[in-house]
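All heavy atoms count here, side chains included; hydrogens, waters and symmetry mates do not. Just follow the structure's listing: the first ligand is 1, and inside any ligand the first atom is 1. Numbers here are sequence positions counted from 1.
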Amino acid sequence: MKRQMPSTREIEQEIVGRVKTMFRKDFEMATKEEIYRACAEVVNDVVIDNWLTTQKSFVQQDPKCVYYMSMEFLIGRLLGNNMINMRGYTEVMDALDELGVDINEVEDQEPDPALGNGGLGRLAACFLDSLATLQYPAYGCGIRYHYGMFKQKIEDGYQQEVPDNWLQTRYPFELQRTEYEFEVRFGGWVRYDSQPDGTTKYIHEGYNAVIATPYDLPVTGFDNGMVNTLMIWDAKPKEVFRLDSFEKGDYSRAVEDMNLARNLTEVLYPNDNHIQGKELRLKQQYFFVSASIQRALAKYLRYHKDIKKLPEKVVFQMNDTHPTLTVAELMRILMDVHGLGWDEAWEITTHCVAYTNHTIMSEALEKWPQDIFKRLLPRVFMIVEEINRRFCDEIRAKFPGDEDRVHRMAILADDQVKMAHMAIAASYSVNGVAALHTEILKNVSLHDFYEMYPEKFNNKTNGITQRRFLMHGNYKLSDWVIKKIGRGWITDLSQMKKLESFVDDKKSLDEFMAIKLDNKKRLAKYIWEHNGIEVDPNSIFDVQVKRLHEYKRQLLNILHVMYLYNQIKENPEMDFYPTTFIFGAKASAGYENAKLIIKLINNVAAVINNDKSIDDKIKVVFIEDYRVSNAEWIFAAADVSEQISTASKEASGTGNMKFMLNGAVTIGTMDGANVEMYQELGGENIYIFGMSSDEVIAHEKNNDYNPVDVMNGNHHIQKVLQQLVNGNYSIDNPELFRPLYNSLLNTQCTAKADTYFVLKDFASYCETYEKIQEAYKDKYKWAKMALENVAHVGKFSSDRTIQEYVDDIWHLDKLDLK
Ligand code: 73E
């Protein structure tokens with residue numbers, strides 16, 4: 001039976017009681033942090049009962065389970081999320097209100113668990129939310145990084161990275177599970193032992209070992225009593241000192257295990273869409289993959305005897321190539337631990353693993369040097385060699401005489417281990433994350449593999465959870481929608497289309513825009529408190545928030561702002577609707593151009609915001625430390641959503657969907673899921689500009705794009721580019737932005753220039769932006785467009801995405817919680 005949250009009155013008493021027993025304090029003396037901890041326990045109490053019930057149903061019903069393998073889970077804060085899903089948010093808010101405390105301040109005490117970089121990690125979190133809400137049995141498997149995504153400080157316009165010590169004080173939502181610890185081994189060598197029956201036994205010796213300890217986090221479903229589990233793994237040394245080595249005086253060997261365990265889970269690699277190829281990352285991958293598989297198999301074998309039937313109960317979904325070691329590690333365990341032969345083990349493995357591709361960016365492709373791989377994972381490497389040998393034979397059988405193809409597709413080639421190739425060779429399903437992306441995989445990036453295994457390829461367009469990104473982040477709009485069309489959309493977002501009946505009703509449009517204005521005021525206050533910049537809530541809020549990457553083209557956006565500023569300066573009487581350009585983005589620490597773009601945005605902001613002559617027509621704001629918690633407020637306040645990546649580069653995007661859900665109108669390229677938003681919305685409710693992905697891909701292939709020609713033909717671009725290097729935005733050091741200038745033009749050397757077609761799409765972007773300016777002036781026209789966006793967002797719920805994964809790939813049954 002589902003346990004419900006207590007009444008407001010009971011919650012109030014419980015909070016006061018908890019503060020007393022946990023901190024030996026009267027409520028009046030408690031700090032905000034103590035109140036937060038008390039609230040967390042009140043909510044945990046309910047969550048844990050439901051967690052127990054869910055786990056009992058697991059045992060009774062013995063359903064098939066998906067293990068979502070991901071190096072990143074960007075779950076965000078849990079208190080608010082769990083209160084919403086337990087249907088107790090209002091009750092806790094009212095209880096706190098009675099006690100004279102603001103719920104926002106209480107929620108603000110929770111560290112934002114930032115165990116991910118961006119879209120890929122946040123997608124994993126949305127998927128867990130939807131799995132629990134749809135009542136599908138699932139485990140998330142990841143890493144308990146001690147330091148998550150760094151906190152960003154802006155000093156003098158530059159990004160500074162500050163460590164995110166989220167575990168400094170006890171995290172109230174995790175549960176250490178020492179009873180599910182497993183050993184994970186690195187290094188050493190493999191000894192062969194011939195058996196009397198003619199088979200060979202492989203014995204791993206001389207390794208370093210760590211103990212993997214899982215911490216379980218509850219994943220609550222919405223209003224259904226379902227609580228799934230996210231297990232994040234931490235490492236501890238097997239022996240603090242190896243006594244044998246220590247006695248022999250080999251101190252460094254003695255502390256090896258200890259150091260290995262210490263380093264393993266220390267920090268998340270803060271790179272989005274980029275792989276550095278550091279050995280420690282390979283260790284992290286093997287660590288969590290091995291531990292997760294061991295736990296999954298232990299659970300399976302507790303209730304089943306026949307390991308060969310594993311695919312009936314278990315599926316491992318690999319979130320990009322990062323957990324691809326799942327393939328080889330499962331093979332190893334099935335053969336070396338459970339004694340299966342190769343063919344039996346391969347049969348099981350290839351029916352248990354599926355792979356999602358998230359990017360075509362070449363710098364994000366995982367390739368490990370074979371020597372490192374072999375030294376670190378000697379037995380696993382042997383297995384990869386055999387997978388590769390058989391895979392190459394299979395290619396030769398299907399495409400006789402095509403050795404070029406064998407070389408292109410091999411798992412082991414060019415002294416590297418190509419993780420995507422292994423993932424595809426072993427998976428029974430390979431999916432892209434938006435329709436266009438999947439087509440590009442099939443026709444371009446993974447074309448060889450598509451020709452080999454067309455039946456494996458399928459598309460699963462990404463989605464987002466409306467529980468966090470509307471109910472929690474924008475409760476005013478959420479309440480309004482409930483008033484208009486009821487509550488069905490909370491678990492069935494397609495019902496938003498019922499809002500269609502209000503798009504021509506002026507009274508409804510007034511209410512809708514009044515909520516937007518309130519949300520803009522809330523953000524304006526945040527900006528005032530954090531940036532000291534005064535912005536006008538009646539101006540257009542134009543927002544681009546996402547990781548900083550050249551392909552996402554924040555540079556195009558800020559160059560356009562520079563252009564608009566020039567226009568207004570040259571023509572002060574020009575008709576221009578005041579606009580606040582809002583940016584938020586973290587750059588990977590070593591990504592020089594990305595960091596310089598942040599500096600440029602801040603310098604442009606400093607010049608424009610202080611120019612009295614333009615009458616506040618433009619404001620530019622860079623929001624520091626963009627993350628899940630402030631994202632919710634930013635989406636809620638946006639009028640215009642900037643989704644302006646170079647077509648073909650953004651596999652899907654999910655921010656685009658969050659803006660749409662909150663009634664912002666998109667200006668974007670035909671890239672990723674924007675294409676499907678366009679299909680859902682019709683051309684009148686979205687602003688599309690720029691080259692198509694086909695055009696981009698053709699230019700890349702023919703190598704025939706010359707940005708200098710574009711510049712020469714457009715004096716607006718010339719002026720803006722000159723201003724990059726004439727000190728206009730960096731008086732002290734006119735050369736500061738030269739690297740950006742060079743990246744766009746590169747007149748000196750032969751290196752590629754303007755890889756992401758910023759200048760090529762510039763004119764089209766400017767033209768399209770003028771239409772937005774025009775449209776905003778017509779209040780009802782704009783309101784209607786914005787509401788059409790909410791009404792057509794149905795497809796982009798992660799509930800829909802998960803149902804497709806279940807139907808086409810995982811084949812799970814819903815858990816019965818009655
Ligand atoms: O388009 C997004 C997509 O919406 C894509 O760039 C992102 O995944 C999102 C969810 O599908 C993504 N991140 C990474 N690859 N694709 C990535 C690669 C390496 C390290 C960390 C993240």
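Using a 30° and 60° split on the angle between ring planes, Y765 and F689 fall in the tilted class, from 30° to 60°. Ring-plane geometry between F186 and Y286 is classed as perpendicular, the angle between the planes exceeding 60 degrees on a 0 to 90 degree scale with a lower cut at 30.
Heavy atoms of other residues, nucleotides or ligands lying less than 6.0 angstrom from OH of Y453 number more than 12.
Sorted by first and then second residue, the ring pair (Phe, Tyr, Trp, His ring centres under 6.0 Å) pairs involving residues 409-449 (not counting sequence neighbours) are H421-F449.
Partners of Y147 according to the ring-ring contact (aromatic ring centres under 6.0 Å, His included) rule, which considers only residues two or more places apart in sequence or in another chain, do not exist here.
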Scan the side chains in residues 630-639 for donor-acceptor partners under 3.5 Å anywhere in the protein, sequence neighbours excluded, and list what turns up.
from : atom 1 : to   : atom 2 : distance (Å)
N630 : OD1    : R627 : N      : 2.9
N630 : ND2    : Y526 : OH     : 3.2
N630 : ND2    : D625 : O      : 3.0
E632 : OE1    : H472 : ND1    : 2.5
E632 : OE2    : R468 : NH1    : 2.9
D639 : OD2    : K520 : NZ     : 2.6
D639 : OD2    : F541 : N      : 2.8

Pairs of nitrogen or oxygen atoms, one from ligand 1 and one from the protein, closer than 3.5 Å: please tabulate them with distances.
from     : atom 1 : to   : atom 2 : distance (Å)
ligand 1 : 1 (O)  : E650 : OE1    : 2.6
ligand 1 : 1 (O)  : A651 : N      : 3.3
ligand 1 : 1 (O)  : S652 : N      : 3.1
ligand 1 : 1 (O)  : G653 : N      : 3.2
ligand 1 : 4 (O)  : G653 : N      : 2.8
ligand 1 : 6 (O)  : N273 : ND2    : 2.8
ligand 1 : 6 (O)  : Y551 : OH     : 3.2
ligand 1 : 6 (O)  : E650 : OE1    : 3.1
ligand 1 : 11 (O) : H358 : ND1    : 2.6
ligand 1 : 11 (O) : N462 : OD1    : 2.8
ligand 1 : 16 (N) : H358 : O      : 3.1

